[in-house]
There are 2 protein chains.
Amino acid sequence: MALSHAILAVLAGRTCSGYDLAKQFDGSVGFFWHATHQQIYRELTKLEENGWIDGEMVQQNGRPDKKSFVITAAGTAQLQAWIAKPTAASPMKDELLTKLFVGHLVPIETLLQQLEEQRSLHTENLATYRTIEKLFKNPDELPLNLRCQYLTLRNGIHYETGWLAWCEEAIGQLKT
Amino acid sequence: MALSHAILAVLAGRTCSGYDLAKQFDGSVGFFWHATHQQIYRELTKLEENGWIDGEMVQQNGRPDKKSFVITAAGTAQLQAWIAKPTAASPMKDELLTKLFVGHLVPIETLLQQLEEQRSLHTENLATYRTIEKLFKNPDELPLNLRCQYLTLRNGIHYETGWLAWCEEAIGQLKT
DNA sequence: TAAATCTATGCACCAAGTTGCATATCAATA
DNA sequence: TATTGATATGCAACTTGGTGCATAGATTTA
């Protein structure tokens, strides 16, 4: 139910082809809602059937033709209604923690390897977010739409910072 | 692929019926791997077919009979091999952030409501974790298996703390 | 004694997500 | 000119996850 809304959310900002959307879902919205191009194309068909978006073939020169989608009034209304609805808690799924939960079954070195791998992943993510953060000058003076996007970025920064702090703690603990 | 391993992880600690497992997945492992009782029963069938667990009917008095599962040597080997494998990054899915991303489409009051709802959810979660944390005396002197479990709990605490800090920041920002 | 609650297991159907494949246009590079 | 890479879209098959329902033994509570 929520992939459709994530797509509407992107289209609320600008018209996109499926291909454009797939790129948005790899960065930007992709930071908090993962989707493959397959899912996106399939969902676009449904959204158009529902009348929430409108597709139109666009001839291009220098590259293949594309189908461009715009959000309809009904789509926007749908999106607004969804935002106001109570938010379902995202079902937790963390492979690393599951592994650590039974970490005593493997050599400590294996655990440390995994933790260090995670640390470098989260370090990388944090660096990406920090880079984007710098593009926002004077966060307090942003128009509302950008301020909202800025806050989603800030969430990512809190998230990654928290993970990194934990990685350090866990690695430290296990090395004792 | 990973629900099976989460189940094996629980069974590595103690024999369980499907019902017991369902309760473990509501708390404990459930804090980082969500699953319904339906998924669990279905997966148990597969795990038994693969020979990774062994099921046996147990007569009980005072309550219905149950089927009790133990992990096999093959199952433990499987689990150990899985722990050592590279860990797939968990695909992000956060409904609230998706909503906030297009938050300018609704009144600020709606956003604040949602954020305050999240804040209270995460406050509750943190309180739960803190309560469990107190059960661990002298974390540095725990045997390895408990220390690993303690670290998963610490991850939850970092996670919830980070979320709460962000909630405060976001609410503060939007109230300006 | 009736109803609610806890223990215990499972089917059927539907929705969502993943993987691999298939196709095609056009630009740039080797 | 052949290949690579970016643009662009999509099908088919499969796995996983979610919802609702169905059943049933036993205890507790009203």
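Order of the sequence lines sets the chain letters (A, B, ...), proteins ahead of strands, with each chain counted from 1. Computation of the quantities below employed the complete heavy-atom set of this structure, encompassing side-chain atoms and omitting hydrogens, waters and symmetry-equivalent molecules.
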Colleague: With a cut-off of less than 4.0 Å, is there a side-chain N or O of Tyr41(A) near OP1 or OP2 of dT9(D)?
Modeller: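 So the side chain of Tyr41(A) is within the cut-off, an N or O lying under 4.0 Å from OP1 or OP2 of dT9(D).
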Colleague: Would you indicate whether the side-chain heavy atoms of Leu44(A) and Ile7(A) approach each other to under 4.5 Å?
Modeller: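 Ile7(A) vs Leu44(A): side chains touch.
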Colleague: In whole Å, I'd like the distance from the CG atom of Asp26(B) to the P atom of dG18(D).
Modeller: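 Between P of dG18(D) and CG of Asp26(B): 14 Å.
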Colleague: Who are the ring-ring contact (aromatic ring centres under 6.0 Å, His included) partners of His104(B), not counting sequence neighbours?
Modeller: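 Result, ring-ring contact (aromatic ring centres under 6.0 Å, His included) vs His104(B): none returned.
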Colleague: Determine whether the aromatic ring centres of Tyr129(B) and Phe31(B) lie less than 6.0 Å apart.
Modeller: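 Yes, the ring of Tyr129(B) comes within the 6.0 Å limit of the ring of Phe31(B), centre to centre.
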Colleague: Does a nitrogen or oxygen in the side chain of Tyr19(A) sit under 4.0 Å from OP1 or OP2 of dT7(D)?
Modeller: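 Answer is yes, contact under 4.0 Å.
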Colleague: Could you tell me how far apart Lys67(A) (NZ) and dG10(D) (P) are, to the nearest whole angstrom?
Modeller: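 Lys67(A) atom NZ is separated from dG10(D) atom P by 6 Å.
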Colleague: Distance check needed: dT19(D) C1' versus Ile40(B) CD1, whole Å only.
Modeller: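 That distance rounds to 16 Å.
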Colleague: Between C1' on dC11(C) and CG on Leu44(B), what's the gap in Å once rounded to a whole number?
Modeller: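 So the CG-C1' distance, Leu44(B) to dC11(C), works out to 16 Å.
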Colleague: Report the relative orientation of the aromatic rings in Tyr159(B) and His122(B); use parallel for angles under 30°, tilted for 30 to 60°, perpendicular for over 60°.
Modeller: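 Correct class here is perpendicular.
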Colleague: Let me know the distance between CD of Glu48(B) and C1' of dT9(C), rounded to the nearest Å.
Modeller: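 It is 14 Å, rounded to the nearest whole Å.
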Colleague: Using whole Å, report how far CD of Glu56(B) lies from P of dA8(C).
Modeller: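 Atom-to-atom, Glu56(B) to dA8(C), this comes out as 15 Å.
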Colleague: All N/O contacts under 3.5 Å from nucleotides 22-30 of chain D to the protein, with atom names and distances to one decimal?
Modeller:
residue: dA26(D); atom: O3'; partner: Gly62(B); partner atom: O; Å: 3.2

Colleague: Side chain of Ser17(B) only, please: which of dT7(C), dA8(D), dT9(C) is the nearest?
Modeller: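 Within the option list, the nearest is dT9(C).
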Colleague: Just how far, in rounded Å, is P of dC26(C) from CD of Gln59(A)?
Modeller: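 Distance, rounded to whole Å: 10 Å.
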Colleague: Does the Trp166(B) side chain pair with the main chain of Thr161(B), one donor and one acceptor, at a distance under 3.5 Å?
Modeller: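 Between the backbone of Thr161(B) and the side chain of Trp166(B) there is no qualifying donor-acceptor contact (under 3.5 Å).
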Colleague: Sequence neighbours left out, what passes side-chain hydrogen bond (donor to acceptor under 3.5 Å, both in side chains) with Trp82(B)? Give chain and number order.
Modeller: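 Result, side-chain hydrogen bond (donor to acceptor under 3.5 Å, both in side chains) vs Trp82(B): none returned.
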Colleague: Walk me through whether Leu79(A) and Trp52(A) qualify under side-chain contact (heavy atoms from CB on, under 4.5 Å).
Modeller: CA-CA 9 Å; Leu79(A) 189 56; Trp52(A) 296 348; over 6 Å; no
Colleague: List for me each residue that meets salt bridge (Lys or Arg N to Asp or Glu O under 4.0 Å) alongside Lys67(A), sequence neighbours excluded, and say none if there are none.
Modeller: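 By the salt bridge (Lys or Arg N to Asp or Glu O under 4.0 Å) rule, Lys67(A) matches Glu48(A).
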Colleague: Examine the base of dG10(C) for any acceptor or donor lying under 3.5 Å from a partner atom in the side chain of Gln38(B), and report the outcome as yes or no.
Modeller: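 Present.
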Colleague: Using the salt bridge (Lys or Arg N to Asp or Glu O under 4.0 Å) criterion, which residues pair with Arg154(A)? Sequence neighbours excluded.
Modeller: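 Partners of Arg154(A) by the salt bridge (Lys or Arg N to Asp or Glu O under 4.0 Å) criterion, ordered by chain and then number, come out as Glu133(A), Glu169(B).
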Colleague: Between Thr45(B) and dG10(C), does any side-chain N or O lie under 4.0 Å from OP1 or OP2?
Modeller: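 For dG10(C), neither OP1 nor OP2 has a side-chain N or O of Thr45(B) closer than 4.0 Å.
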Colleague: For the pair made of NZ in Lys66(A) and C1' in dA6(D), what is the distance, rounded to whole Å?
Modeller: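 Lys66(A) atom NZ is separated from dA6(D) atom C1' by 14 Å.
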Colleague: Using the 3.5 Å cut-off, write out each protein N or O paired with an N or O of nucleotides 13-17 of chain D and the distance between them.
Modeller:
residue: dT16(D); atom: OP1; partner: Met1(B); partner atom: N; Å: 3.0
residue: dG17(D); atom: OP1; partner: Lys93(A); partner atom: NZ; Å: 2.7
residue: dG17(D); atom: OP2; partner: Gln39(B); partner atom: NE2; Å: 3.0
residue: dG17(D); atom: O5'; partner: Gln39(B); partner atom: NE2; Å: 3.3
residue: dG17(D); atom: N7; partner: Arg42(B); partner atom: NH1; Å: 3.4

